[in-house]
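I have placed the structure first, in the form of structure tokens, so that the comments after it can refer back to it.
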Amino acid sequence: MTDKTTSQEPEEQSLAEINGSVAVPNSGSFLRKLMAWSGPGALVAVGYMDPGNWITSIVGGARYHYLLLSVVLISSLIAMLLQYMAAKLGIVAQKDLAQITRDGTNKAVGWLLWIMTELAIMATDMAEVIGAAIAIHLLFGLPLLWGVLITAADVLLLLLLMKLGFRKIEAIVATLILVILGIFLYMAILAKPDMGEAVVNLVPHTEVLHHSQLMLALGIVGATVMPHNLYLHSSISQTRKIKRDKKSIKEALKFTAWDSNIQLTGAFVVNALLLIVGAALFFGHGSDLEAFGDLFNALNNQAIVGAIASPFLSMLFAIALLASGQNSTITGTLTAQIIMEGFTTLKMPMWLQRLVTRGIALVPIIIFTIIFGATEGALDELLVYSQVFLSVALPFSMFPLIYFTSSEKYMGQFKNNAWAKWTGYIVATLLTILNIKLIIDTLAPLF
């Protein structure tokens, strides 16, 4: 990539209101620079510890003990690779994944990918809204429909936060992540898990490929490696204001990688704790627990979790769930804007755009909630299937991301090296094959 190319301004900016809005130092210590670059990784990490992760990871531990820990680890490693590619795309090409997919594909392919991405956003919002709504229900006793509507109003909160500046959003998100981490670390310490068994299961076992285990394993992958995060990271990586020379871009990529990997390591710890808590507290005597309400009540039931049972423990669980849902709705709303603007170039006032994109995703959730009323178990089942769909939708984002970041046309000298390129393609292909197997196994009894 020549200096001339890197200095060109993009025709349209991704999230124009915050693009290049955060200054970063050109000199100073490594730590000072890392702190300036830290933030986007936190918003991305939110998607890796949202309510969808909770139900799949905790239920996975309750049903299969520590078996699926290897899936959590592999998913996190895949996430680190893909998120770096996504951030690199934004920094180098100065376009987000939606914009470059629109510009780099024909109309039919572009529409197909847009539809799949919008469906993935809907599935993501299901996890976020359902989790937050159930948390509100558990904490305050409000009906689930009211919880959904209250959570839907978070779009207005985001409008306010955007006025305060992007760094404020990053700080709020990071604080809520620390709350979630602290609560589950405390619960894991109380649960006294068999850490030796947990470590052993960081290595994959063939039992993971059995149908019921595979269903949850793919749910964990879908809940961990989320398609919308690839679009989000490719956009918010552009919030830092940098020079367009090669040296500055290399430094931007370096500190973006540090930020992303540190935050995703934290997300891995949270997800591992979720599964470990599920295994230590519920395996063998609570494996039939499938709903957040079941888990909430079980934490206050000595017959299930033993002497550590208490209303305080249940309340902590609900608070962490609410923090997770709140965090995820912020990033989900941002991503919905990125996707609509990037794929369609649709321009409308910011508040209207956020209401439209958020509304499109919320309609099926509200309809489902009205139909099933206060049937929390049904909402939890919908949440699990939404995570499996995310795993199915993931290749539709992975393949374009790998293709564009491996292209010299778009990335110049910063294109993926052969190792990253082929690792990405192999992972995307294997995941696609596993999803096809899951669909066949699920539909087989019907014929």
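Position 1 is the first residue of the sequence; numbering continues from there.
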In short, Ala86 meets His233 closest at the heavy-atom pair CB-CB, 4.1 Å
Could you tell me if the side chain of Ser70 sits less than 4.5 Å from the side chain of Val203, heavy atoms only? no
Closest heavy-atom pair, Asp259 versus Gly39, reported as atoms and distance to 0.1 Å, is OD1-N, 3.3 Å
Report yes if the side chains of Phe343 and Leu113 come closer than 4.5 Å at any heavy-atom pair, otherwise no. yes
- Item | Any donor-acceptor N/O pair, Ser314 side chain to Phe296 backbone, under 3.5 Å | yes
CD1 (Ile339) and CH2 (Trp114) are apart, to the nearest 0.5 Å, by 10.5 Å
Self-check item: Working for side-chain contact (heavy atoms from CB on, under 4.5 Å), residues His205 and Leu67
Solution: CA-CA 7 Å; His205 292 64; Leu67 176 67; 3.7 Å; yes
Please tell me if the side chains of Val44 and Ile236 come closer than 4.5 Å, counting only heavy atoms from C-beta onward. yes
Check: Is there side-chain contact between Lys415 and Ser407, with at least one heavy-atom pair below 4.5 Å?
Finding: no
Mind telling me whether Trp37 and Phe255 have parallel, tilted or perpendicular rings, with 30° and 60° as the class edges? parallel
To the nearest 0.5 Å, atom CG of Asn201 lies from atom CG of Leu69 at 6.5 Å
task = Take Ile58 and Val277 through the side-chain contact (heavy atoms from CB on, under 4.5 Å) test and state the conclusion after the steps.
result = CA-CA 7 Å; Ile58 294 176; Val277 167; 5.9 Å; no
| query | Mind checking whether Met411 and Leu89 have side chains closer than 4.5 Å, heavy atoms only? | reply | yes
Nearest heavy-atom contact between Ile136 and Leu142 is CG2-CD1, 3.8 Å
Show your reasoning for whether side-chain contact (heavy atoms from CB on, under 4.5 Å) applies to Tyr410 and Val92.
CA-CA 8 Å; Tyr410 297 102; Val92 176; over 6 Å; no
query: Given the rule in the side-chain contact (heavy atoms from CB on, under 4.5 Å) test, do Leu274 and Val72 qualify, once you have shown the distances and angles that lead to the verdict?
result: CA-CA 10 Å; Leu274 285 164; Val72 176; over 6 Å; no
One should read off an interatomic distance between Leu112 CG and Phe396 CZ, to the nearest 0.5 angstrom, of 6.0 Å
ask   = Between Tyr66 and Asp194, is there a donor-acceptor pair closer than 3.5 Å when you use the side chain of the first and the backbone of the second?
value = yes
inquiry  = Are the side chains of Gln263 and Gln83 in contact, using a 4.5 Å heavy-atom criterion?
reply    = no
When Thr405, Asn416, Thr256 are each screened for side-chain hydrogen bond (donor to acceptor under 3.5 Å, both in side chains) with Lys88, the one that passes is Asn416
Separation between CG (Leu81) and OG (Ser76), nearest 0.5 Å, reads 13.0 Å
Nearest heavy-atom approach of Gly342 to Arg102 is O-NH1, 2.7 Å
Contact between Leu299 and Phe282 at the side-chain level, heavy atoms closer than 4.5 Å - yes or no? yes
Self-check item: Check: Asn300 and Leu313 side chains under 4.5 Å, non-hydrogen atoms
Solution: no
Hits for side-chain hydrogen bond (donor to acceptor under 3.5 Å, both in side chains) against Ser14, two or more places apart or cross-chain, chain-then-number order -> Asp96, Ser235
Please check: side-chain N/O of Asn261 versus main-chain N/O of Ala257, any donor-acceptor pairing under 3.5 Å? yes
Can you give me every donor-acceptor pair (side chain of residues 418-433, partner residue at least two apart or in another chain, under 3.5 Å) with its distance?
residue: Thr423; atom: OG1; partner: Trp419; partner atom: O; Å: 2.7
residue: Thr429; atom: OG1; partner: Tyr425; partner atom: O; Å: 2.8
residue: Thr432; atom: OG1; partner: Ala428; partner atom: O; Å: 2.7

Output for pair (Leu232 CG, Leu334 CG), nearest 0.5 Å, gives 6.5 Å
For the backbone of Ala36 and the side chain of Arg240, can you confirm whether one donor and one acceptor N or O come within less than 3.5 Å of each other? yes
Does Ser324 use its side chain to pair, donor to acceptor, with the backbone of Ala320 at less than 3.5 Å? no
Checklist entry - Under 4.0 Å between a Lys/Arg side-chain N and an Asp/Glu carboxylate O for Arg63 and Glu207? => result no
So NE2 of His65 and CD1 of Ile276: to nearest 0.5 Å the spacing works out to 10.5 Å
For Leu97 and Ser397 the tightest heavy-atom approach is CD2-O, 4.1 Å
Quiz item: Asn271 side chain to Ala267 main-chain N or O, any donor-acceptor pair under 3.5 Å?
Solution: yes
Nearest heavy-atom approach of Leu190 to Ile308 is O-CG2, 3.8 Å
request  = Could you tell me how the ring of Phe317 sits relative to the ring of Phe292: parallel (under 30°), tilted (30 to 60°) or perpendicular (over 60°)?
outcome  = tilted
Just wondering, are more than 12 heavy atoms of other shown residues or ligands nearer than 6.0 Å to CE in Met315? yes
Within the supplied structure, the quantity of interest is the number of heavy atoms (other residues, nucleotides, ligands) at a distance under 6.0 Å from Phe399 CZ; does it exceed 12? yes
